[in-house]
Protein chains: 2
Amino acid sequence: MVAIESSGTRGRRRSFDMDEAVETAMKLFHARGYDAVGVAELGAELGIKPPSFYAAFGSKAGLFERALQRYAAGEANIFARAQADGGGVVEVIERTLLLAARLYPERNGVAGCLVLDGARNSADPEARALTAALRKASVSAICAFIAGEEPERAGALAEFVMIAMMGMSAAARDGADETALTAFAEMAARAFRRELAAEG
Amino acid sequence: MVAIESSGTRGRRRSFDMDEAVETAMKLFHARGYDAVGVAELGAELGIKPPSFYAAFGSKAGLFERALQRYAAGEANIFARAQADGGGVVEVIERTLLLAARLYPERNGVAGCLVLDGARNSADPEARALTAALRKASVSAICAFIAGEEPERAGALAEFVMIAMMGMSAAARDGADETALTAFAEMAARAFRRELAAEG
DNA sequence: GAGAAAATGTAGTGACCGCTATATAAATTC
DNA sequence: GAATTTATATAGCGGTCACTACATTTTCTC
């Protein structure tokens, strides 16, 4: 018999698509937060039963980690996108803030940032640690970038940007629309520009 | 028999102090969020068993509502405190932001604002609605105050303050200390001052 | 004291939590 | 085909969730 589709690995083939499952889980976690999405619901939504779930992802936190990786690697990595378009510190930070204002408002039940708010108030230390690590990496990247022009105040300025993003994410999850967030982002961007210009 | 302490109402007297119980519940909800604090833990911490709990508060959300009222009526009502000290819009808003930076950092396991983050990601719509109502009242109060000097842009400016507070609360819950929050608050206050001064 | 009213303690409700033991089905290599 | 490997389905684990039925104790009014 000729194998129609040989995968090279033996054993029964997975009956569901991993990427698709992680994508679905990502949306669910993003929409309602880590704790509010149960394994039973994930299994039902993904079309897989508990044993397959745990064979594939190890645990609920394991799937959350994959969802976070997918999130951070995609278009939700706002600072990376803003940085990719080039320009100086002021331009990139302004683009970062405005992009957040455009991406955070609710769309299909999803609002804010998964990294900033996905595990907020979670009772699971593992889930909190996963998002915390990504936040730390994010603020470090922003800090390093700013340090290229302003090494002295890079830390405080990066913190300013991060806290502003946290505010926008929280506000978006509380229902703020793009207009409101953009108004905030523009004020924050002006503030950043002026802080950088002062005694620079 | 002479009644040693007649309460005027008949029936067995409550064996615990209501205010004390609400205070304890407030701290627990504030520290870990609404969903992460169970009725069993509340009962154990408050020293009351389920039937007394439900007789006194009606439900877990009922106790949360009392905790929120206590919180909003106390020293955590930052804007009210800043406003009470008098001064113009710029002074009051600056005081508000700086007071938040001083109050939000972790102290005894409690960080950030109960109204802003106490029910974040909660699966209970009632708990979310309770905090949402207080947020709405807060931003309305700030807006009305700003409108006294700047009726045109009061809405956007109040939103700016609110979103900045949300950012500080979230950052505090993620571990930001007073130094970091104060740096942010000062930048936000300068931004507010300049926005108000521009074409005012 | 009798009766009513309010709070209490004991015990347990059904539902959901994340997770797993066990057996079976489907794919491989030999 | 036999052995191995992987994924599947069925069923259920102990634990916690918010909440309650029921009987008892305490305190009131009369």
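In what follows, every chain begins at residue 1, and chains take the letters A, B, ... in the order their sequences are listed.
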Considering only distance and modelled atom types, tabulate donor-acceptor pairs under 3.5 Å from the side chains of residues 159-176 of chain A, sequence neighbours left out.
residue	atom	partner	partner atom	Å
A:Ser169	OG	A:Cys113	N	2.8
A:Ser169	OG	A:Asp117	OD2	2.6
A:Arg173	NH1	A:His30	O	2.9
A:Arg173	NH1	A:Ala111	O	2.9
A:Arg173	NH2	A:His30	O	3.4
A:Arg173	NH2	B:Asn121	OD1	2.8
A:Asp174	OD1	B:Arg120	NH1	3.2
A:Asp174	OD1	B:Arg135	NH2	3.4
A:Asp174	OD2	B:Arg120	NH2	3.0
A:Asp174	OD2	B:Arg135	NE	3.2

Could you go through nucleotides 21-23 of chain D and list every protein N or O atom that sits under 3.5 Å from one of its N or O atoms, giving the distance for each pair?
none

OP1 or OP2 of D:dA18 less than 4.0 angstrom from a side-chain nitrogen or oxygen of B:Lys60, does that happen here?
yes
Determine: side-chain N/O of A:Ser52 to OP1/OP2 of D:dT8, distance under 4.0 Å, yes or no.
yes
side-chain contact (heavy atoms from CB on, under 4.5 Å), that's the test. Do B:Phe29 and B:Leu68 meet it? Break it down for me.
CA-CA 9 Å; B:Phe29 285 136; B:Leu68 282 172; over 6 Å; no
Which nucleotide sits closest to the side chain of B:Pro50: C:dA11, C:dG18, C:dG9?
C:dA11
Salt bridge (Lys or Arg N to Asp or Glu O under 4.0 Å) partners of residues 39-66 of chain B, not counting sequence neighbours, each pair once:
B:Arg32-B:Glu41
Nearest-nucleotide 5' precedence on DNA chain D, B:Glu41 against A:Ser15:
A:Ser15
Do other residues, nucleotides or ligands put more than 12 heavy atoms under 6.0 Å from A:Asp85 CG?
yes
Return the set of residues passing salt bridge (Lys or Arg N to Asp or Glu O under 4.0 Å) with B:Arg190 (not counting sequence neighbours), or none when no residue passes.
A:Glu195
Which of parallel (below 30°), tilted (30 to 60°) and perpendicular (above 60°) describes A:Phe79 and A:Phe145?
perpendicular
I'd like a list of close polar pairs between nucleotides 3-6 of chain C and the protein, N/O only, cut-off under 3.5 Å.
residue	atom	partner	partner atom	Å
C:dA4	O3'	B:Arg10	NH2	3.2
C:dA5	O4'	B:Arg10	NE	3.4
C:dA6	N3	B:Arg12	N	3.3

Determine all donor-acceptor pairs shorter than 3.5 Å in which one atom belongs to a side chain in residues 92-101 of chain A; sequence neighbours excluded.
residue	atom	partner	partner atom	Å
A:Glu94	OE1	A:Arg193	NH2	3.1
A:Arg95	NH1	A:Ala82	O	2.4
A:Arg95	NH1	A:Gly86	O	3.0
A:Arg95	NH2	A:Gly86	O	2.6
A:Thr96	OG1	A:Val92	O	2.8

